[in-house]
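Just the heavy atoms: all of them, side chains too, but no hydrogens, waters or symmetry mates, feed the values below. Lettering follows sequence order; numbering is per chain, from 1.
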Number of protein chains: 2
Amino acid sequence: MTVTLADVAARAQVSPATVSRVLNGNYPVAAATRERVLRAVDDLDYVLNGPASALAAATSDLVGILVNDIADPFFGIIAGAVQSEIGGPGGRAGGERLAVVCNTGGSPERELTYLTLLQRQRAAAVILTGGAIEDAEHAAAMAGKLRRLAEAGTRVVLCGRPPSPETDAVALTFDNRGGGRRLTAHLLDLGHRRVGYIAGPRERSTTRHRLEGHRAALAAHGVEDDPALTVHGPYDRRSGYDATVELLRRAPELTAVVAANDTVALGACAALRDKGLRIPDDVSVAGFDDLPFSVDAVPALTTVRLPLYEAGARAGRIAMGKEEPPPGGVATVHGELMVRGSTAGPR
Amino acid sequence: MTVTLADVAARAQVSPATVSRVLNGNYPVAAATRERVLRAVDDLDYVLNGPASALAAATSDLVGILVNDIADPFFGIIAGAVQSEIGGPGGRAGGERLAVVCNTGGSPERELTYLTLLQRQRAAAVILTGGAIEDAEHAAAMAGKLRRLAEAGTRVVLCGRPPSPETDAVALTFDNRGGGRRLTAHLLDLGHRRVGYIAGPRERSTTRHRLEGHRAALAAHGVEDDPALTVHGPYDRRSGYDATVELLRRAPELTAVVAANDTVALGACAALRDKGLRIPDDVSVAGFDDLPFSVDAVPALTTVRLPLYEAGARAGRIAMGKEEPPPGGVATVHGELMVRGSTAGPR
DNA sequence: CTGTTAGCGCATTCAG
DNA sequence: CTGAATGCGCTAACAG
């Protein structure tokens, strides 16, 4: 049947313990012996039994990554970056670690469920990406889960998410508030006064922070914050389209639209064009994140660039213990305003 | 310390076996007993030990997904679809399965390495997405690995990849050849005769099939296949940009560009615009895949829509045994020509 | 429907 | 540097 460590040991004429040592490489073994073992492994086409190994060692080579939606490049880029860092030396049996990507779809229940599942797998680390769901009860439940994971030896890192109180999870947070403020300030500096805002879903830290930044800019410029100019919706193209139609209905005189992210902004652009409005001549449009397609939009999208790849890679390294966590366990990652063709002075 | 099954059993005053049965739900247990066990689980905050469970049962709740690049929505969409189908009843302990996403970056070595790693984890299933690397030696090595996985009880499904000979892996292949043919035929029907082609990387089945379709259309229309009009490059925006510049240098008179996929097409559009050429007035552009951003390009991109989500979901169901494999183990998934604003008759 | 009994395959003490 | 022994936590027969 299936080849086991004992089979390899027999063929190499050593004890199972020695084979284990060779495979894990965390222990001195004579070169000649190692050679013999490796040849036996090769001859028998032996593949280590992960579950057995994890059981005995009380830790696995799995790293969990929680994302809202893996089809969204925002998360895909982060997930890819994390994965590029979790391999390499340090893990069991060659240091190869596998990424378990969990699509929560933004659901609080699934978020908790996946954490339990990862705890069940005795994951070596867990990385939570994207904004947090802002609900006291859920936050408490999450903090509890994260604490228990940490106690069990799982390293926890938050990437693009605010710190979780009562937890010593390392947090790499994005400066969504500052980015939102600079983006709207840019429009106000251009002379816009009626600026529509398409916010993300409610009860999400990302949504709130970006919106707060927007409002801070309005306040700083002495522009009234008309509630009718803000519409909430999911982070997708459709939401951008629909929200823009609604904003135009409520305030046909608006001269600029700020979207919760680039995908939403693309939907907004489509709606404006369908209404016969030119960008930026009639209405300026701005997004957030600077996803790869944003520079190719026509006109190219003004947005706030978030270093998603770098942040994901850093989160991965911290999760692997390859990099020191930032002092205090919290680091803020700043965005960069990218002014492009989609914004100009009002007509 | 950490709570085990035995602790739960003790508290519920039943045997460990009963707790196991309640948790896995694949066995009759008296309602009252189940209640008692569940309460004990809750009281103790017990979480099953996945590795131990997998070791004893000789199978895990992990499903591997091999992708070229998770940051590319093409793969993100498929991965998300697979994940939406792998949960649900049928698995161990609540039927929750986890997706292990493996970024191969198109490297043959990593492809094989990841398969070994998934074999090590005793994955319940493995889904390979995207085109195959066309190298006899590598194909043989892959076939061998897939065979061994299947022998060990891992279900293997190919999604968007041609069947693997000498293997009984189920294959859901995309009709890249047919899509490529229809796309180029569309341009030829519009009157184009000098059509540039930006192909994907060499030695990839997807690249070859799309290119073959293109050539078949040229032949059918009696148009010469000028080798100078084909350029190879990776599946990214940059490649589209650079290749277009090169094509324009070689053949300034060309009136249309067909790209290996939508991302490449976007790069091509950028290059054309930078050269002062209008789309489609001066040069028509066409892509492949119909990724979400393609409809929002300006002008909207003519392309071949591949039902990525549906294909991924189906692959997931087949991998889970929730759906019958297609007869013969192979099904061809067809694309749909989406004619949009980026193509028109030649100037 | 429930309890008892044996391992699953490996990592890790502890000796040597 | 290597071997022998022990147990990780659970599931799956087998009884009852």
Would you kindly compare B/P16 and B/A52 by the position of their nearest DNA chain C nucleotide and give the one closer to the 5′ end?
->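 It is B/P16 whose nearest nucleotide is closer to the 5' end.
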Which comes earlier along DNA chain C counting from the 5' end, the contact point of B/A56 or that of B/T18, where each point is its nearest nucleotide?
->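 Closer to the 5' end of DNA chain C: B/T18.
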What's the [atom1]-[atom2] distance between [X] and [N], to the nearest Å?
{"X": "A/R36", "N": "D/dT2", "atom1": "CZ", "atom2": "C1'", "result": "11 Å"}
{"X": "A/Q119", "N": "D/dG9", "atom1": "CD", "atom2": "C1'", "result": "15 Å"}
{"X": "A/L5", "N": "D/dA4", "atom1": "CG", "atom2": "P", "result": "14 Å"}
{"X": "A/R120", "N": "D/dG9", "atom1": "CZ", "atom2": "P", "result": "16 Å"}
{"X": "B/D7", "N": "D/dG9", "atom1": "CG", "atom2": "C1'", "result": "11 Å"}

B/L55 or B/A17: which one's nearest nucleotide on DNA chain D is closer to the 5' end?
->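 Nearer the 5' end of the strand: B/L55.
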How close do A/L44 and A/V3 get, heavy atom to heavy atom, and via which atoms?
->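 Reported closest heavy-atom pair: O-CG2, 3.7 Å.
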Report yes if a side-chain nitrogen or oxygen of [X] is closer than 4.0 Å to either non-bridging phosphate oxygen (OP1 or OP2) of [N]; otherwise report no.
{"X": "A/S53", "N": "C/dC10", "result": "no"}
{"X": "A/N24", "N": "C/dA11", "result": "yes"}
{"X": "A/S20", "N": "C/dT12", "result": "no"}

Kindly check if the number of other-residue, nucleotide or ligand heavy atoms within 6.0 Å of CD (A/Q13) is above 12?
->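 12 or below, so no.
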Hey, does the side-chain of A/R122 have a donor or acceptor N/O within less than 3.5 Å of a partner on the base of D/dG9?
->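 Check fails, no donor-acceptor contact within cut-off.
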Is any N or O donor-acceptor pair between the side chain of A/R34 and the base of D/dT2 shorter than 3.5 Å?
->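 Under the 3.5 Å cut-off, the side chain and the base do not form any donor-acceptor pair.
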Side chain of [X] (C-beta onward), nearest among [options]:
{"X": "B/R21", "options": "D/dC14, D/dT11, C/dC10", "answer": "D/dC14"}
{"X": "B/S15", "options": "C/dA11, C/dT4, C/dC1", "answer": "C/dT4"}
{"X": "A/L48", "options": "D/dT11, C/dC10, C/dC1", "answer": "C/dC10"}

Charged N to carboxylate O below 4.0 Å: is that the case for B/E323 and B/R314?
->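 The answer is yes: the pair qualifies as a salt bridge.
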Do the side-chain N and O atoms of B/S15 and B/T18 include a donor-acceptor pair separated by under 3.5 angstrom?
->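 The criterion, which ignores hydrogens and geometry beyond distance, is satisfied for B/T18 and B/S15.
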Does a side chain donor of either B/S84 or B/Y309 reach within less than 3.5 Å of an acceptor in the other side chain?
->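 Present: a donor and an acceptor within the cut-off.
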How is A/V14 classified with respect to the nucleic acid when contacts are heavy atoms under 4.0 Å: base, sugar-phosphate, or nothing?
->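 If one applies the 4.0 Å heavy-atom cut-off, A/V14 turns out to touch the sugar-phosphate alone, with no base involved.
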